[in-house]
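Please read the structure below before turning to the comments.
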Amino acid sequence: MSATLDSNLFSKFFNQAPVIKVPGRTFPVANYYLEDLFDATGHIIEEGSRYAFREYHQSEKTTLWVTSQGGEKRREVVDLAQRDTEVSDLYSGYGLSTRLSLERVDESILNYDLIEDLLQMLLIYPERNSTLIAPDGVDISNGSILVFLPGIGEIRTLADRISANRTLSDKSKFSIIPLHSKLSSADQRRAFLPVKTGCRKIILR
């Protein structure tokens, strides 16, 4: 159910059904985009990366006929992987590596490496978090991390990767909790159970 539905519209549809309002509070939110995360973490999308828009292999070569100034023709093998990447001025406020990464990145591919880099920056190396500023009054030095993912397959993949990560796999500091309707009730309940002092939850939803 959407949190932004028009309750009056529903009330009228159901013959002026009563609407119950539960008081609560909103939480401050800061918005950051892909370019901000590239800049903050130093994550780079290389031109041969699996996360690049098109992966160029060394075997991707073609033969072209090249005509010299004297009119002589010769065949030349061109390596497509060596093409130059144009850098747009759209993100001129960001570093060159970030701008290059934005030109290359395929946003339809889930970048597990970037998620790990971001988790490490937030949890292991907070001193590097100079470009990402938390909303006023919010302390990000403790509390849980909630990562939203497309489905159970991606949740399990990221859980496995974090468990194998040298800095994030310390069970005394981090509790990795997958959360999905296909998991058992006992597994899902772990997200709401307290953890020992000094341990932070990484909830994969």
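Computed from a predicted structure; not experimentally measured.
Within the model, atoms CG of Asp39 and OG of Ser101 stand 9.5 Å from one another, a figure rounded to the nearest 0.5 Å. Taking CD1 of Ile115 as the reference point, atom OG1 of Thr41 lies at 11.5 Å (rounded to 0.5 Å). Between atom CG of residue Leu119 and atom OH of residue Tyr125 there is a gap of 12.5 Å, rounded to the nearest 0.5 Å. Remark: Glu116 CD to Ile124 CD1 distance equals 11.5 Å, nearest 0.5 Å. Rounding to the nearest 0.5 angstrom, the gap separating the CG atom in Asp106 from the CG atom in Asn111 is 10.5 Å. Of the inter-residue distances, the one linking Ser144 atom OG with Ile202 atom CD1 reads 9.5 Å to the nearest 0.5 angstrom.
No continuous path of hydrophobic side-chain contacts links Ile44 to Leu110 [ILVMFWY only; heavy atoms under 4.5 Å]. Under a hydrophobic-cluster definition in which Ile, Leu, Val, Met, Phe, Trp and Tyr are linked whenever side-chain heavy atoms come within less than 4.5 Å, directly or via other members, Ile109 and Phe38 are assigned to the same cluster. Side-chain heavy atoms closer than 4.5 Å link hydrophobic residues (I, L, V, M, F, W, Y) into clusters, and following such links, possibly through other members, connects Leu168 to Leu114. At a threshold of 4.5 Å between side-chain heavy atoms, the hydrophobic network of Ile, Leu, Val, Met, Phe, Trp and Tyr places Phe174 and Ile155 in one connected group.
The shortest distance between side-chain heavy atoms of His43 and Thr98 does not fall below 4.5 Å. Looking at Glu154 and Tyr112, their side chains come closer than 4.5 Å, going by heavy atoms from C-beta outward. The shortest distance between side-chain heavy atoms of Ile203 and Ile145 does not fall below 4.5 Å. Side-chain contact between Lys196 and Ser172 is present, with at least one heavy-atom pair separated by less than 4.5 Å. Using a 4.5 Å cut-off on side-chain heavy atoms (C-beta onward), Ile162 and Ser169 make no contact. Considering only heavy atoms from C-beta on, Leu158 comes within 4.5 Å of Leu149 through its side chain. A heavy-atom distance below 4.5 Å is not found between the side chains of Arg200 and Val195. At a threshold of 4.5 Å between non-hydrogen side-chain atoms, the residues Arg190 and Pro178 count as touching.
The closest donor-acceptor contact from the side chain of Glu35 to the backbone of Arg99 lies at 3.5 Å or more, if one exists at all. Distance alone, capped at 3.5 Å, places no donor-acceptor pair between the Arg104 side chain and the Ala52 backbone. Under a 3.5 Å cut-off, the side chain of Ser11 and the backbone N or O of Ser7 do not form any donor-acceptor pair. Checked by atom type and distance alone, the side chain of Asp160 never pairs as donor or acceptor with a backbone atom of Thr157 at under 3.5 Å. Of the possible polar contacts, one joining the Lys201 side chain to the Leu193 backbone as a donor-acceptor pair under 3.5 Å is found.
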From CA spacing to verdict: side chain to side chain contact (heavy atoms under 4.5 Å, CB included), Leu179, Leu204: CA-CA 6 Å; Leu179 187 61; Leu204 311 180; over 6 Å; no
Audit row: Leu146, Arg205, side chain to side chain contact (heavy atoms under 4.5 Å, CB included) steps and yes/no: CA-CA 7 Å; Leu146 179 58; Arg205 172 69 176 88; 3.8 Å; yes
Determine, stepwise, if the pair Arg161 / Asp113 fulfils salt bridge (Lys or Arg N to Asp or Glu O under 4.0 Å). CA-CA 9 Å; Arg161 289 185 61 129; Asp113 293 342; 2.3 Å; yes
Can Asp36 and Tyr94 be said to form a side chain to side chain contact (heavy atoms under 4.5 Å, CB included), step by step? CA-CA 8 Å; Asp36 299 313; Tyr94 295 88; 2.8 Å; yes
Run the side chain to side chain contact (heavy atoms under 4.5 Å, CB included) test on Val105 and Phe53 for me, step by step, so that the C-alpha distance in whole Å, both residues' side-chain angles and the decisive distance to 0.1 Å come before the verdict. CA-CA 5 Å; Val105 67; Phe53 185 70; over 6 Å; no
